[in-house]
Amino acid sequence: MPQLTRRGFMAATLATGASRAVPIAVRTRKPRVILELVYDKALGMMRAVERVVR
C-alpha cells in the first residue's frame, strides 16, 4: 500500500468517484429550465417562476 498524505488520499478518492460518476452524468439528459413570468395577485405584480422540464 503506498504511503498517502491526507491531501493525496482526498485527491485519489475524488478522482475515483469522478471516474465512476462522469459516464452516468453524460448518459442522462440535461433538464431544461424554463423561466415564466406570472402575475401574482397577492403581490400585485409580475414575478418570475422557474420550471425544470426533464
Side-chain angles (χ1 to χ4, degrees):
M1 179 98 183
Q3 293 292 330
L4 291 176
T5 61
R6 183 182 305 175
R7 184 175 291 170
F9 175 76
M10 293 297 289
T13 304
L14 289 174
T16 303
S19 68
R20 291 182 181 181
V22 168
I24 295 169
V26 170
R27 271 190 305 215
T28 60
R29 292 185 333 174
K30 291 183 79 173
R32 292 186 330 178
V33 178
I34 298 175
L35 183 66
E36 293 181 340
L37 291 175
V38 295
Y39 185 76
D40 191 341
K41 290 182 181 178
L43 294 175
M45 62 181 187
M46 300 290 284
R47 67 183 180 102
V49 176
E50 287 185 350
R51 284 193 310 143
V52 177
V53 179
R54 298 199 182 267

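- The side chain to side chain contact (heavy atoms under 4.5 Å, CB included) test applied to Ala48 returns Leu35, Leu37, not counting sequence neighbours.
- Met45 has its side chain out of reach of Asp40: every pair of non-hydrogen atoms, C-beta onward, lies at least 4.5 Å apart.
- Around OH of Tyr39, the count of heavy atoms belonging to other residues, nucleotides or ligands within 6.0 Å exceeds 12.
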